[in-house]
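Below you'll find the structure, written out as structure tokens, and then a few comments.
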Amino acid sequence: MSFAAPLAGLAGLLLGGVLLLHVLRPQRPDRVVPATLLWREAMQEVGGSVPWRRLRRSWSLLLQLVAGAATVLALTQPGFAAGQRIGGRVAVVLDISATMQATDVSPTRFESARSAVRSYLDGLAPQARVTLVAMGARPHVVADAAGDASTVRRALDGLRPENGAADLEGALSLAAAALGSSTAGGARIAVFSDGVASPPHASLQLPAPVEWHSAGSSGEDVAITGLDVAQGTPGPAVAARVANQGHAHRDLAVECVLDGHVVDRRPLALDGGQARDVRFSLPTAGQVVEVRLDVSDVLALDDVAWAVARPPVVYRVALVTRGDAFLLDALRLRGDVAVTVVDPAAYRASDAWDLTVLDATLPAALPAGPVLIWGPPADGRLGVGGQAAAGSLRPAAADPLLDGVDLATVRVARTRTLAAPQPWRPVVDAASGPVLLVRDAAPRAALVGFDLHESDLPLRPAFPVLVDHLSRFLLPPAAPARPHLPGATVQVTAAIAGAAVSVTRPDGSRLRLPDGGGVLSGADTEQVGVYTATLGSGAGAVQALFTVDALDPGAGSVAPRPAPPLAAPRSTPGTAAPAVAAGRVELWPWLVGLAMLALLGEWLVWERGR
């Protein structure tokens with residue numbers, strides 16, 4: 001408690017005057033009586049020799065002292081600091097990313113942060129408007145209500161941590177949009193997170209101060225950060241990257257499991273910050289490999305990873321060429337294809353191939369199934385025209401086929417002009433026009449206008465990546481077997497147009513996709529483990545496998561991180577604002593009321609004594 005006017009307490013000296021009035025003898029007036037025996041009290045006072053008397057118990061004195069003391073305290077203006085409930089617009093951002101499952105705080109970082117959010121909501125004024133943003137790989141608003149705390153609390157209780165990364169910039173952008181441009185009425189953004197996320201771009205402007213509430217206390221974690229399966233002799237080989245992301249030395253064991261059976265177990269010792277590769281040899285038979293760590297750490301999610309050891313289907317690919325080794329080598333990088341080189345003179349369109357690759361040739365009859373045509377001669381059926389100077393290449397539009405494909409350094413000397421009709425669409429452009437077209441309708445097809453020998457593309461890292469993307473786009477079924485991060489987009493396509501397509505997730509739940517195939521993303525691929533795509537029905541159905549792992553080498557340690565620098569008005573970047581607004585509770589009005597009650601009581605006592 002503090003006093004705004006402490007010197008006013010000197011008025012308490014006046015209370016001594018009240019006591020003095022009760023101990024001084026009153027002046028004795030002259031009275032005439034017939035006999036002193038009739039007035040003994042008067043005789044006793046006459047016989048006193050001192051000017052004061054003994055203090056007697058008196059309700060009047062007590063009430064006067066209470067009234068005087070309360071008045072003096074009121075003059076000093078006492079009070080104490082206290083938080084004032086926040087009103088206006090408030091955006092609450094709760095981290096639901098994978099690292100919030102860490103158990104370095106009990107029971108988890110997420111539960112601890114959610115409890116802190118509940119306490120924060122208790123400190124808001126009843127009329128405050130609250131927007132609750134869930135910060136995962138795809139941030140989203142889960143509640144927005146004014147004066148209705150129950151709605152926000154129900155949405156908060158329904159949140160669960162996800163297995164993906166945290167998009168801090170996206171979450172802050174949603175919070176800023178919810179607040180709008182006005183900062184009046186105590187608008188603010190409260191972030192509850194362990195900070196394990198990429199810092200937002202410096203250009204991000206926020207309309208209100210940011211409060212940062214950190215979750216977590218330790219980064220002692222051992223994780224599988226990479227898993228690769230390479231086909232070899234006599235069987236596949238597995239390489240797992242294991243990293244100690246903490247500071248303490250760790251002794252652990254690494255297990256390799258093939259189709260549910262443990263095939264090997266290795267001890268491993270890692271110093272703090274150290275990473276090592278662990279290799280296993282697998283039998284020839286088996287489809288799914290699982291690598292798991294036998295270790296006690298703060299995060300169990302990254303202690304296991306899966307990969308497709310041997311795809312259940314091997315696709316038959318015909319490479320119709322006069323001897324081009326570039327396409328052959330690029331196609332063979334896939335472990336689920338068997339490539340057969342066919343001379344153009346010996347090729348027959350009636351032969352059954354899962355994919356046909358035509359290199360600098362066009363047969364009289366085009367294949368009935370999926371086809372990749374590279375550097376064709378002029379042909380009116382596909383709108384392939386004469387040659388033209390191409391120059392540098394550039395994406396025609398954002399397309400998954402170009403993910404990881406860097407075209408900036410690729411140069412093409414000459415290309416055929418392409419004017420294929422609908423439903424072909426351009427993917428890569430050059431100065432002469434489109435140089436890569438694809439057809440999404442079944443049977444799928446891709447058409448590249450230039451010969452590989454007329455470019456330096458085969459010498460660039462972009463070449464095998466582009467061939468892999470095109471082959472996965474064309475091959476039936478197109479369910480990429482490579483590991484994906486939680487929430488990633490996965491294209492699943494059936495070989496036959498209109499065929500039934502479904503996907504079984506790791507927990508056994510089943511997703512039905514549109515006939516012919518579709519896209520999985522977001523919550524569809526949130527679970528970690530093995531996904532099974534069933535394409536077709538009955539005896540003709542085939543299965544394709546792909547995995548989702550919490551493997552993110554770029555994420556780094558799971559240790560909590562401080563608040564990143566944030567640009568916001570009325571706040572210092574990187575400094576958390578107070579959780580509640582500072583305020584002061586004044587006590588003098590209550591003291592004045594107490595003094596008035598005491599005086600009223602003293603008056604009643606006096607009236608009764610009359």
Side-chain angles (χ1 to χ4, degrees), residues 83 86 90-124 130-137 139 142 152 156 159-176 179 187-202 204 206 208-221 223 245-248 297-302 552 554-568 570-582:
I86 300 172
V90 180
V92 177
V93 178
L94 177 59
D95 193 341
I96 61 170
S97 64
T99 56
M100 295 295 285
Q101 300 179 40
T103 57
D104 51 333
V105 292
S106 180
T108 63
R109 292 181 185 178
F110 174 77
E111 291 298 338
S112 176
R114 179 157 60 179
S115 177
V117 172
R118 293 192 183 103
S119 299
Y120 186 85
L121 295 177
D122 291 339
L124 300 181
V130 182
T131 301
L132 180 60
V133 179
M135 182 173 69
V142 295
V152 180
L156 178 65
L159 287 177
R160 297 294 182 271
E162 298 178 351
N163 296 323
D167 182 1
L168 176 58
E169 181 167 349
L172 290 176
S173 297
L174 283 179
L179 295 181
R188 62 190 59 234
I189 299 173
V191 180
F192 296 79
S193 170
D194 59 9
V196 183
S198 298
H201 196 272
L204 178 64
L206 301 176
V210 177
E211 304 171 7
W212 189 272
H213 304 262
S214 183
S217 61
S218 171
E220 295 299 324
D221 182 56
Q245 299 178 340
H247 300 287
D297 56 13
V298 301
L299 185 63
L301 181 67
D302 53 13
D552 190 359
S557 171
V558 302
R561 304 174 188 175
L566 299 172
R570 304 195 314 276
S571 67
T572 303
T575 302
V580 294

Would you call [X] and [Y] a side-chain contact if the rule is heavy atoms closer than 4.5 Å?
{"X": "L156", "Y": "R114", "result": "yes"}
{"X": "V133", "Y": "L94", "result": "no"}
{"X": "R160", "Y": "Q101", "result": "no"}
{"X": "R188", "Y": "E211", "result": "yes"}

Kindly indicate, with the supporting measurements, whether the criterion side chain to side chain contact (heavy atoms under 4.5 Å, CB included) is fulfilled by V90 and T131. CA-CA 6 Å; V90 180; T131 301; over 6 Å; no

Quick one, T99 with D221, criterion side chain to side chain contact (heavy atoms under 4.5 Å, CB included). Give me CA distance, side-chain angles, the key distance, then yes/no. CA-CA 11 Å; T99 56; D221 182 56; over 6 Å; no

Ignoring hydrogens, what is the shortest heavy-atom contact between [X] and [Y]? Give both atom names and the distance.
{"X": "P564", "Y": "L168", "answer": "CG-CD2, 3.7 Å"}
{"X": "D167", "Y": "A137", "answer": "CB-O, 3.9 Å"}
{"X": "G136", "Y": "E162", "answer": "CA-OE1, 3.9 Å"}
{"X": "I189", "Y": "A176", "answer": "CD1-N, 4.4 Å"}
{"X": "G195", "Y": "W212", "answer": "CA-CZ2, 3.7 Å"}
{"X": "A113", "Y": "M100", "answer": "CB-CE, 3.7 Å"}

The single option from S198, P200, P139 passing side chain to side chain contact (heavy atoms under 4.5 Å, CB included) against E169: P200

At what distance, to the nearest 0.5 angstrom, does [atom1] of [X] lie from [atom2] of [Y]?
{"X": "D194", "Y": "S97", "atom1": "CG", "atom2": "OG", "result": "5.5 Å"}
{"X": "L132", "Y": "L159", "atom1": "CG", "atom2": "CG", "result": "6.0 Å"}
{"X": "S173", "Y": "H201", "atom1": "OG", "atom2": "NE2", "result": "12.0 Å"}
{"X": "R561", "Y": "S214", "atom1": "CZ", "atom2": "OG", "result": "11.5 Å"}

Sidechain N-carboxylate O distance under 4.0 Å for D104, R109: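 Salt bridge: yes.
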
Is it the case that the side chains of Q245 and D297 hold a donor-acceptor pair, with the cut-off being a distance below 3.5 Å and no angle test? no

Go through the steps to decide whether M135 and I96 satisfy the test side chain to side chain contact (heavy atoms under 4.5 Å, CB included), and finish with yes or no. CA-CA 6 Å; M135 182 173 69; I96 61 170; 5.6 Å; no

What residues form a ring-ring contact (aromatic ring centres under 6.0 Å, His included) with F192, not counting sequence neighbours? Y120, H213

Walk me through whether L299 and T103 qualify under side chain to side chain contact (heavy atoms under 4.5 Å, CB included). CA-CA 7 Å; L299 185 63; T103 57; over 6 Å; no

Among residues at least two apart in sequence or on other chains, which ones pass side-chain contact (heavy atoms from CB on, under 4.5 Å) with A559? S557

